Amino acid sequence: METERFTILLGGNVTVTDRLKTVVSGTRVIAADSGMRHAKTLELSPELWVGDFDSAEPGLLDEWPGIERQPYPAAKAVTDGEIAVSEAIARGARSLVLVGAFGGARSDHALQHFLYAVALAERGFDVVLTSGDEEAYPLLPGALDLDLPAGSLFSVAGISILEGLNIANVRYPLTEFALAFGSSRTISNVANGGTAHFSLKSGKAIVLARPYDLTGA
(Lines give C-alpha, C1' and ligand atoms only; values in the text may rest on other atoms or scores of the structure.)
Protein backbone atom coordinates (compact mmCIF):
# COMPACT_ATOMS: atom_id res chain seq x y z
CA MET A 1 0.00 0.00 0.00
CA GLU A 2 1.17 3.53 -0.85
CA THR A 3 0.93 5.23 2.53
CA GLU A 4 1.10 8.77 1.12
CA ARG A 5 -1.37 8.26 -1.73
CA PHE A 6 -5.06 8.55 -0.84
CA THR A 7 -8.27 8.01 -2.76
CA ILE A 8 -11.12 10.29 -1.69
CA LEU A 9 -14.58 8.96 -2.58
CA LEU A 10 -16.91 11.83 -3.46
CA GLY A 11 -20.59 11.88 -4.33
CA GLY A 12 -20.43 12.46 -8.10
CA ASN A 13 -20.77 10.01 -10.96
CA VAL A 14 -18.34 7.10 -11.36
CA THR A 15 -17.80 4.65 -14.21
CA VAL A 16 -15.54 1.72 -13.35
CA THR A 17 -12.79 1.62 -15.98
CA ASP A 18 -9.36 0.04 -16.20
CA ARG A 19 -7.69 3.44 -15.80
CA LEU A 20 -9.71 4.16 -12.67
CA LYS A 21 -8.95 0.76 -11.13
CA THR A 22 -5.25 1.29 -11.83
CA VAL A 23 -5.09 4.78 -10.31
CA VAL A 24 -6.81 3.74 -7.06
CA SER A 25 -4.97 0.44 -6.68
CA GLY A 26 -2.89 0.27 -3.53
CA THR A 27 -4.08 3.61 -2.17
CA ARG A 28 -5.49 4.40 1.24
CA VAL A 29 -9.15 5.39 1.08
CA ILE A 30 -11.41 7.91 2.81
CA ALA A 31 -15.08 8.25 1.89
CA ALA A 32 -17.04 11.50 2.02
CA ASP A 33 -20.72 10.95 2.83
CA SER A 34 -22.55 9.39 -0.18
CA GLY A 35 -19.22 8.79 -1.91
CA MET A 36 -19.15 5.58 0.13
CA ARG A 37 -21.45 4.00 -2.45
CA HIS A 38 -18.47 3.76 -4.83
CA ALA A 39 -16.39 1.67 -2.43
CA LYS A 40 -18.06 -1.64 -3.24
CA THR A 41 -17.99 -1.21 -7.02
CA LEU A 42 -14.30 -0.29 -6.87
CA GLU A 43 -13.54 -3.08 -4.38
CA LEU A 44 -12.13 -0.60 -1.88
CA SER A 45 -12.34 -0.63 1.91
CA PRO A 46 -12.09 2.90 3.34
CA GLU A 47 -10.26 3.45 6.61
CA LEU A 48 -12.53 6.40 7.44
CA TRP A 49 -15.99 7.68 6.50
CA VAL A 50 -16.68 11.37 7.13
CA GLY A 51 -19.60 13.74 6.63
CA ASP A 52 -22.98 14.76 7.93
CA PHE A 53 -24.44 11.61 6.29
CA ASP A 54 -27.39 13.59 4.95
CA SER A 55 -27.01 12.11 1.46
CA ALA A 56 -25.99 8.57 2.42
CA GLU A 57 -28.82 6.08 2.07
CA PRO A 58 -29.76 4.14 5.22
CA GLY A 59 -28.91 0.87 3.50
CA LEU A 60 -25.42 2.15 2.83
CA LEU A 61 -24.94 2.91 6.51
CA ASP A 62 -25.96 -0.66 7.36
CA GLU A 63 -23.69 -2.13 4.67
CA TRP A 64 -20.49 -0.78 6.23
CA PRO A 65 -20.89 -1.24 9.99
CA GLY A 66 -17.20 -1.74 10.72
CA ILE A 67 -15.83 1.43 9.10
CA GLU A 68 -14.74 4.21 11.43
CA ARG A 69 -17.13 7.14 11.07
CA GLN A 70 -16.44 10.76 11.79
CA PRO A 71 -19.78 12.61 11.79
CA TYR A 72 -20.12 16.36 11.29
CA PRO A 73 -23.20 18.58 11.65
CA ALA A 74 -25.01 19.56 8.46
CA ALA A 75 -24.46 23.23 9.33
CA LYS A 76 -20.70 23.40 8.81
CA ALA A 77 -18.29 25.75 7.08
CA VAL A 78 -16.75 23.26 4.61
CA THR A 79 -17.93 20.44 2.36
CA ASP A 80 -17.69 16.75 3.23
CA GLY A 81 -15.15 16.40 0.44
CA GLU A 82 -12.87 19.05 1.91
CA ILE A 83 -13.15 17.41 5.32
CA ALA A 84 -12.15 14.06 3.79
CA VAL A 85 -9.13 15.61 2.07
CA SER A 86 -8.10 17.37 5.29
CA GLU A 87 -8.24 14.03 7.12
CA ALA A 88 -6.11 12.42 4.41
CA ILE A 89 -3.51 15.19 4.70
CA ALA A 90 -3.50 14.81 8.49
CA ARG A 91 -2.72 11.11 7.92
CA GLY A 92 0.26 11.88 5.70
CA ALA A 93 -1.20 12.25 2.20
CA ARG A 94 1.00 13.82 -0.46
CA SER A 95 -0.93 12.48 -3.47
CA LEU A 96 -4.73 12.61 -3.84
CA VAL A 97 -7.16 10.88 -6.21
CA LEU A 98 -10.57 12.54 -6.05
CA VAL A 99 -13.01 9.91 -7.33
CA GLY A 100 -16.55 11.06 -8.13
CA ALA A 101 -15.47 14.68 -8.56
CA PHE A 102 -17.53 15.11 -11.77
CA GLY A 103 -21.30 15.36 -12.21
CA GLY A 104 -23.72 14.39 -9.50
CA ALA A 105 -26.72 16.35 -8.31
CA ARG A 106 -24.74 19.43 -7.21
CA SER A 107 -22.88 21.39 -9.89
CA ASP A 108 -21.64 23.78 -7.19
CA HIS A 109 -19.88 20.88 -5.47
CA ALA A 110 -18.34 19.72 -8.77
CA LEU A 111 -17.01 23.22 -9.49
CA GLN A 112 -15.62 23.47 -5.97
CA HIS A 113 -13.76 20.18 -6.45
CA PHE A 114 -11.91 21.64 -9.45
CA LEU A 115 -11.01 24.87 -7.70
CA TYR A 116 -9.96 23.04 -4.54
CA ALA A 117 -7.74 20.71 -6.58
CA VAL A 118 -5.90 23.71 -8.02
CA ALA A 119 -5.46 25.15 -4.52
CA LEU A 120 -4.08 21.80 -3.33
CA ALA A 121 -1.67 21.66 -6.26
CA GLU A 122 -0.42 25.13 -5.31
CA ARG A 123 0.40 23.69 -1.89
CA GLY A 124 2.51 20.98 -3.51
CA PHE A 125 0.07 18.06 -3.55
CA ASP A 126 -0.22 15.77 -6.57
CA VAL A 127 -3.93 15.74 -7.48
CA VAL A 128 -6.08 14.00 -10.06
CA LEU A 129 -9.87 14.16 -10.30
CA THR A 130 -11.69 11.33 -12.02
CA SER A 131 -15.07 9.85 -12.79
CA GLY A 132 -13.50 6.86 -14.53
CA ASP A 133 -14.29 8.08 -18.03
CA GLU A 134 -13.21 11.69 -17.40
CA GLU A 135 -10.09 13.00 -15.68
CA ALA A 136 -8.85 16.42 -14.62
CA TYR A 137 -5.40 17.65 -13.64
CA PRO A 138 -4.38 21.06 -12.27
CA LEU A 139 -1.93 22.89 -14.54
CA LEU A 140 0.27 25.47 -12.82
CA PRO A 141 3.53 27.15 -13.89
CA GLY A 142 5.89 24.32 -14.73
CA ALA A 143 5.42 21.10 -16.71
CA LEU A 144 2.80 18.34 -16.79
CA ASP A 145 2.98 15.08 -18.78
CA LEU A 146 -0.12 12.94 -19.31
CA ASP A 147 -0.43 9.48 -20.82
CA LEU A 148 -3.44 9.74 -23.15
CA PRO A 149 -4.60 7.27 -25.82
CA ALA A 150 -4.37 8.28 -29.47
CA GLY A 151 -7.55 9.99 -30.61
CA SER A 152 -8.79 10.84 -27.13
CA LEU A 153 -10.19 14.29 -26.47
CA PHE A 154 -8.87 16.79 -23.96
CA SER A 155 -9.25 20.49 -23.17
CA VAL A 156 -7.33 23.10 -21.22
CA ALA A 157 -9.64 25.34 -19.20
CA GLY A 158 -7.93 28.48 -17.98
CA ILE A 159 -9.13 29.81 -14.65
CA SER A 160 -6.97 32.89 -15.11
CA ILE A 161 -5.06 34.54 -17.94
CA LEU A 162 -2.44 32.06 -19.17
CA GLU A 163 1.00 33.05 -20.45
CA GLY A 164 3.56 30.83 -22.14
CA LEU A 165 1.27 27.83 -22.66
CA ASN A 166 2.89 24.97 -24.56
CA ILE A 167 1.09 21.79 -25.65
CA ALA A 168 2.97 19.10 -27.59
CA ASN A 169 2.38 15.64 -29.09
CA VAL A 170 -1.21 16.57 -29.87
CA ARG A 171 -3.15 17.33 -33.04
CA TYR A 172 -3.23 21.06 -32.37
CA PRO A 173 0.04 22.02 -30.66
CA LEU A 174 0.66 25.41 -29.10
CA THR A 175 3.93 27.20 -28.42
CA GLU A 176 4.34 30.10 -25.99
CA PHE A 177 0.62 30.80 -26.33
CA ALA A 178 -1.20 33.53 -24.39
CA LEU A 179 -4.77 32.55 -23.50
CA ALA A 180 -7.25 35.24 -22.53
CA PHE A 181 -9.43 34.46 -19.52
CA GLY A 182 -12.69 32.92 -20.72
CA SER A 183 -11.36 32.03 -24.18
CA SER A 184 -12.43 28.70 -25.72
CA ARG A 185 -9.29 28.48 -27.87
CA THR A 186 -7.95 25.46 -25.93
CA ILE A 187 -11.16 23.44 -25.84
CA SER A 188 -11.40 20.11 -27.75
CA ASN A 189 -7.89 19.09 -28.70
CA VAL A 190 -6.87 15.53 -29.60
CA ALA A 191 -4.02 13.43 -28.18
CA ASN A 192 -1.61 11.77 -30.61
CA GLY A 193 -1.03 8.87 -28.23
CA GLY A 194 1.65 8.27 -25.64
CA THR A 195 2.69 11.28 -23.59
CA ALA A 196 1.04 14.64 -24.12
CA HIS A 197 3.26 17.45 -22.87
CA PHE A 198 1.99 20.63 -21.20
CA SER A 199 3.92 23.54 -19.76
CA LEU A 200 2.97 26.98 -18.52
CA LYS A 201 4.89 30.12 -17.57
CA SER A 202 2.16 31.85 -15.57
CA GLY A 203 -1.49 31.37 -14.68
CA LYS A 204 -3.74 28.58 -13.49
CA ALA A 205 -5.61 26.01 -15.54
CA ILE A 206 -7.18 22.57 -15.50
CA VAL A 207 -6.55 19.90 -18.12
CA LEU A 208 -9.74 17.89 -18.66
CA ALA A 209 -9.21 14.61 -20.49
CA ARG A 210 -11.59 11.98 -21.88
CA PRO A 211 -9.30 8.94 -22.36
CA TYR A 212 -12.15 6.68 -23.49
CA ASP A 213 -13.65 9.20 -25.90
CA LEU A 214 -11.86 8.45 -29.17
CA THR A 215 -14.13 10.55 -31.38
CA GLY A 216 -11.10 12.68 -32.21
CA ALA A 217 -9.58 9.75 -34.08
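Only this structure's heavy atoms are used, side chains among them; waters, hydrogens and symmetry mates stay out. Computed from a predicted model, the values in this text were never measured in an experiment.
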(message) Could you check whether any side-chain N or O of S25 sits under 3.5 Å from a backbone N or O of K21, counting only pairs where one atom can act as donor and the other as acceptor?
(response) no
(message) So, taking the atom named CG in L174 and the one named CG in L179, what distance separates them when rounded to the nearest 0.5 Å?
(response) 8.5 Å
(message) Is there a path of hydrophobic side-chain contacts, each under 4.5 Å between heavy atoms, that joins V23 and L146?
(response) yes
(message) So V156 and I206, do their side chains get closer than 4.5 Å, heavy atoms only?
(response) no
(request) For P141 and G203, work out which heavy atoms get closest and say how close. (result) CD-O, 3.2 Å
(request) For the pair R210 (side chain) and L153 (backbone), establish whether a donor and an acceptor sit closer than 3.5 Å, ignoring hydrogens and angles. (result) no
(request) Looking only at non-hydrogen atoms, find the nearest pair between A191 and P149 and report the distance. (result) CB-O, 3.6 Å
(request) Check for a donor-acceptor pair, side chain of H197 on one end and backbone N or O of A143 on the other, with a separation under 3.5 Å. (result) no
(message) Grouping I, L, V, M, F, W and Y whenever their side-chain heavy atoms are under 4.5 Å apart, do V207 and L115 come out in a common cluster?
(response) no
(request) Could you tell me whether the side chain of P46 reaches within less than 4.5 Å of the side chain of M36, counting heavy atoms only? (result) yes
(message) Rounded at 0.5 Å granularity, tell me how far OG1 in T175 sits from CD1 in I167.
(response) 9.5 Å
(message) Using 0.5 Å steps for rounding, measure from the CD1 atom of I83 to the CD1 atom of I8.
(response) 12.0 Å
(message) With a 4.5 Å cut-off on side-chain heavy-atom distances among I, L, V, M, F, W and Y, is there a chain of contacts connecting F6 to L98?
(response) yes
(message) Any heavy-atom pair between the side chains of H113 and L129 that's under 4.5 Å?
(response) yes
(request) List the steps, then state whether side chain to side chain contact (heavy atoms under 4.5 Å, CB included) holds for H38 with L44. (result) CA-CA 8 Å; H38 304 309; L44 299 173; over 6 Å; no
(request) Taking the side chain as every heavy atom from C-beta outward, state whether D126 and L96 have any atom pair closer than 4.5 Å. (result) no
(message) In the structure I gave you, are the side-chain heavy atoms of L139 and L165 within less than 4.5 Å of one another anywhere?
(response) yes
(request) State yes or no: are the ring centers of F114 and F102 separated by less than 6.0 Å? (result) yes
(request) List the atom of G81, the atom of L10, and the distance in Å for their closest heavy-atom pair. (result) CA-CD2, 3.6 Å
(request) Please check if atom CD in E176 has more than 12 non-hydrogen atoms from other residues, nucleotides or ligands closer than 6.0 Å. (result) yes
(message) For W49 and E68: C-alpha separation, side-chain torsions, deciding distance, then whether side chain to side chain contact (heavy atoms under 4.5 Å, CB included) applies.
(response) CA-CA 6 Å; W49 189 4; E68 178 187 354; over 6 Å; no
(message) Within the 4.5 Å heavy-atom criterion, are R28 and R91 side-chain neighbours or not?
(response) yes
(message) Just checking R69: does its CZ atom have more than 12 heavy atoms from other residues, nucleotides or ligands closer to it than 6.0 angstrom?
(response) yes
(request) Please confirm whether the backbone N or O of R5 pairs with a side-chain atom of T27, one donor and one acceptor, at under 3.5 Å? (result) no
(request) Measure the shortest side-chain to side-chain distance between F125 and I89 over non-hydrogen atoms and say whether it is less than 4.5 angstrom. (result) yes
(message) When you compare the side chain of L200 with that of L140, does any pair of heavy atoms fall below 4.5 Å?
(response) no
(request) Determine whether L144 and V118 fall in the same hydrophobic cluster, where Ile, Leu, Val, Met, Phe, Trp and Tyr are linked whenever their side-chain heavy atoms lie under 4.5 Å apart. (result) no
(request) Identify the heavy atoms of L148 and A209 that sit nearest to each other, and give their distance. (result) CD2-CB, 3.8 Å
(request) Looking only at non-hydrogen atoms, find the nearest pair between P211 and L214 and report the distance. (result) O-CD2, 3.8 Å
(message) Is it the case that the side chain of D33 and the backbone of G11 share a donor-acceptor pair, with hydrogens and angles ignored and the cut-off at 3.5 Å?
(response) no
(message) Using side chain to side chain contact (heavy atoms under 4.5 Å, CB included), reason through T22 and L20 one step at a time and then give a plain yes or no.
(response) CA-CA 5 Å; T22 297; L20 178 55; over 6 Å; no
(message) Strictly distance-based, threshold 3.5 Å: is any side-chain N or O of N189 a donor or acceptor partner for the main-chain N or O of F154?
(response) no
(request) Sorted by first residue and then second, give each salt bridge (charged side-chain N to carboxylate O under 4.0 Å, His left out) pair with at least one member in residues 135-158; sequence neighbours left out. (result) R19-E135
(request) Tell me whether V24 is reachable from V127 by hopping between hydrophobic residues (I, L, V, M, F, W, Y) whose side-chain heavy atoms are closer than 4.5 Å. (result) no
(request) For S152 and Y212, indicate whether the former's side chain and the latter's backbone hold a donor-acceptor pair under 3.5 Å. (result) no
(message) Please check: side-chain N/O of S155 versus main-chain N/O of A157, any donor-acceptor pairing under 3.5 Å?
(response) no
(request) Compute whether any side-chain donor of one residue and acceptor of the other, for N13 and S131, lie under 3.5 angstrom apart. (result) no
(request) Give a yes or no on whether the backbone of T195 and the side-chain of N169 come within a donor-acceptor separation of less than 3.5 Å. (result) yes
(request) For the pair F177 and N166, evaluate side chain to side chain contact (heavy atoms under 4.5 Å, CB included) and give the outcome as yes or no after the intermediate values. (result) CA-CA 7 Å; F177 187 74; N166 297 280; over 6 Å; no
(request) Write down the atom of I67, the atom of S45, and the distance for their closest heavy-atom approach. (result) CD1-OG, 4.1 Å
